[in-house]
Asker: 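The structure under discussion is supplied below as structure tokens; questions concerning it will follow.
Values reported hereafter were calculated over all heavy atoms of this structure, with side chains retained and with hydrogens, waters and symmetry mates removed.
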Amino acid sequence: MGISQTVGLNPGDEVPAKTTEEDRLLNLFWNRAELKKEFSNLRDDRDHLIERLQEQEKQTERERKRMRDMEKLLANPDSGYRAIVYFQLRALWGKCHRQLEKFCDQLKKQQQDRERKRQIMEFNQERQKRLQEINGRIVSTKAEADDMKNVIAGFERQRDNLRGFWNYFKRRNMQATVDEHKTKLAAIRSRLEDLFDRRIKIESEPWPEYPGLGISGKRAINVAMLALSQHLFVQLSDGTVANLARTAKHKKVQDVDYGTRSDCEYKMKKIDELANALMSNRNYADELRARTDMLNKQVEFKSNTETVPAATSVARLASAVPGFDPGRTVASIPLEINVLADDYWDIQKLLMK
């Protein structure tokens, strides 16, 4: 195939100039290179989609196997009861996590509002201090200008009293003095205008941007979160439901054993009672505040920049808060439960870092 056919010319067509022919060949070369590049990209996209499809097929197969295993599990009455307890515990864990999450959002908003108000208040106080300083200087500069006006008026009166040609030179000297003081008055007025401009500039300064929660704010939120996490554990400690919920969170349903059918029925009833009591009890704000105060005296941080307490400093959990447990005036023997290290209710995902 000749070049004329390659570039789309027919026999008999007018032969283009040499320069035009070279340009067309060059364009064809570049178009070919672009097509190869585009083809390569499309091939990469296809390979990537094939990989995703294969991964999705594997995931689908795993889910199918999981469903088959679940069907076998539920087909057996004994293991079916265990599965019900298992998912009941996982649902309870999820409720506790959502309660912590909601509490975290509330605390964060309150702390942000508190810090923002404090930031604006400090800004306004500092601006007011600068305005007072400027106003003081304006008052003193005005007084200085008034004094200078009086001095100039006195010199002008003296000049006007110097009449007659024999006082010509005295009038000329006095006029020079008047002009000298008018120059000083102009400088004072210039300073006064600068002070007014500075005052306007200060008055129009916008509020500073909020930089976000500080270390102390994040620490306060995290300690309160730990207090609620401990409170939830204590509320669910009857029958070791909290421990069972944590086990259900980290194990497969095939790997748990909650005893006989009657044991499972007892646990189902207990879990349901505790969950309902937990969700319906909203009058624990004072107790939670007291527990937070206890933790504030207890927690330690590894460095000045850390916002999450060291897990070793909360290794024990007070099962009761003095004043909030009937008949108890002092804290009970602490439990060897570390809600932070054991990540109860997935608190690690919610802590401010």
Side-chain angles (χ1 to χ4, degrees), residues 104-225 289 292-293 296 299 301-309 350-353:
C104 179
D105 291 341
Q106 291 174 346
L107 290 177
K108 195 187 304 181
K109 186 176 185 310
Q110 290 173 1
Q111 188 66 28
Q112 286 173 340
D113 290 345
R114 198 177 298 122
E115 291 188 1
R116 181 60 171 160
K117 286 179 182 176
R118 184 170 61 243
Q119 182 193 23
I120 292 174
M121 183 187 69
E122 292 174 352
F123 170 78
N124 287 335
Q125 288 176 343
E126 191 272 337
R127 181 171 63 178
Q128 189 61 29
K129 183 179 177 182
R130 284 185 289 144
L131 284 173
Q132 287 177 351
E133 180 187 352
I134 289 289
N135 287 334
R137 293 179 63 183
I138 287 175
V139 170
S140 63
T141 306
K142 274 185 173 179
E144 188 179 353
D146 291 339
D147 291 342
M148 186 57 67
K149 286 180 186 176
N150 292 332
V151 170
I152 291 172
F155 284 136
E156 286 178 337
R157 282 194 298 273
Q158 291 181 35
R159 180 199 60 194
D160 294 341
N161 291 332
L162 294 172
R163 296 175 181 173
F165 67 90
W166 55 89
N167 284 324
Y168 171 76
F169 292 103
K170 288 184 179 179
R171 283 201 304 275
R172 190 177 63 178
N173 291 337
M174 188 56 68
Q175 182 60 44
T177 303
V178 169
D179 293 341
E180 179 186 351
H181 282 77
K182 283 185 176 178
T183 302
K184 292 180 179 178
L185 178 61
I188 294 171
R189 283 175 171 167
S190 177
R191 280 195 283 126
L192 192 58
E193 289 176 359
D194 288 342
L195 290 172
F196 277 119
D197 289 342
R198 288 177 60 184
R199 186 170 73 176
I200 293 172
K201 187 176 179 182
I202 293 173
E203 287 173 339
S204 60
E205 286 178 353
W207 287 344
E209 293 290 331
Y210 177 58
L213 286 172
I215 291 177
S216 60
K218 290 180 179 178
R219 286 182 173 183
I221 292 173
N222 288 341
V223 173
M225 295 276 289
R289 195 174 296 112
T292 304
D293 292 340
N296 274 322
V299 296
F301 297 89
K302 292 181 180 178
S303 69
N304 293 332
T305 57
E306 288 286 337
T307 56
V308 178
L350 302 173
L351 292 175
M352 305 291 298
K353 297 174 182 173

Asker: Working to the nearest 0.5 angstrom, can you tell me the gap between L350 CG and L107 CG?
Answerer: 11.0 Å
Asker: With a cut-off of 6.0 Å (strictly less than), are more than 12 heavy atoms of other residues, nucleotides or ligands near CZ of R171?
Answerer: yes
Asker: Hey, does the side chain of Q111 reach the backbone of S216 with a donor-acceptor pair shorter than 3.5 angstrom?
Answerer: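 The answer is no, because no donor-acceptor pair under 3.5 Å joins these two groups.
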Asker: Decide side-chain contact (heavy atoms from CB on, under 4.5 Å) for K109 and D113; before the verdict, give the C-alpha distance in whole Å, the side-chain angles of both, and the deciding distance to 0.1 Å.
Answerer: CA-CA 6 Å; K109 186 176 185 310; D113 290 345; 3.2 Å; yes
Asker: Flag the pair R289 and D293 as a salt bridge only when some basic side-chain nitrogen lies within less than 4.0 angstrom of an acidic carboxylate oxygen.
Answerer: no
Asker: Pick out which of R198, R199, R191 makes a side-chain contact (heavy atoms from CB on, under 4.5 Å) with I138.
Answerer: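 Single pass found, and it is R199.
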Asker: Restricting to non-hydrogen atoms, name the atom on T305 and the atom on I215 that form the minimum distance, rounded to 0.1 Å.
Answerer: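 Between these two residues, the closest heavy atoms are CA-CD1, 3.9 Å.
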Asker: Quick one, E156 with I152, criterion side-chain contact (heavy atoms from CB on, under 4.5 Å). Give me CA distance, side-chain angles, the key distance, then yes/no.
Answerer: CA-CA 6 Å; E156 286 178 337; I152 291 172; 3.8 Å; yes
Asker: Is E144 close to M148 at the side-chain level, that is, under 4.5 Å between some pair of heavy atoms?
Answerer: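 No, every pair of side-chain atoms sits at 4.5 Å or beyond.
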Asker: Scan side-chain atoms only and decide if Y210 and E115 contain a donor-acceptor pair under the 3.5 Å cut-off.
Answerer: yes
Asker: State the CD1-CD1 distance between I134 and I200, to the nearest 0.5 angstrom.
Answerer: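 Reported to 0.5 Å precision, the distance equals 11.5 Å.
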Asker: What are the two closest heavy atoms between P206 and F123, and how far apart are they?
Answerer: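 Closest heavy-atom pair between P206 and F123: O-CZ, 3.4 Å.
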Asker: If you measure only the distance, is there a donor-acceptor pair under 3.5 Å linking the side chains of Q175 and R172?
Answerer: no
Asker: Indicate the atoms forming the closest heavy-atom contact of M174 with L162, along with that distance.
Answerer: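 Distance-wise, the nearest heavy atoms are CB-CD1, 4.5 Å.
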Asker: Report yes if the side chains of W207 and R116 come closer than 4.5 Å at any heavy-atom pair, otherwise no.
Answerer: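 Side chain of W207 against side chain of R116, heavy atoms only: contact under 4.5 Å found.
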Asker: Rounded to the nearest 0.5 Å, what separates atom CG in N161 from atom CG in N167?
Answerer: 10.0 Å
Asker: Could you note down all residue pairs passing side-chain hydrogen bond (donor to acceptor under 3.5 Å, both in side chains) where residues 125-134 supplies at least one of them, sequence neighbours left out?
Answerer: N124-R127, E126-R130, R130-E205
Asker: To the nearest 0.5 angstrom, please state how far the CZ atom of R219 sits from the CE atom of M352.
Answerer: 13.5 Å
Asker: Nearest 0.5 Å, please: how far is CG in L185 from CG in D179?
Answerer: 12.0 Å
Asker: Look only at the side chain of N222 and the backbone of T307, and say whether a donor-acceptor pair between them is shorter than 3.5 Å.
Answerer: yes
Asker: Rounded to the nearest 0.5 Å, how far apart are CG of N173 and NZ of K170?
Answerer: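 Here the rounded value is 10.0 Å.
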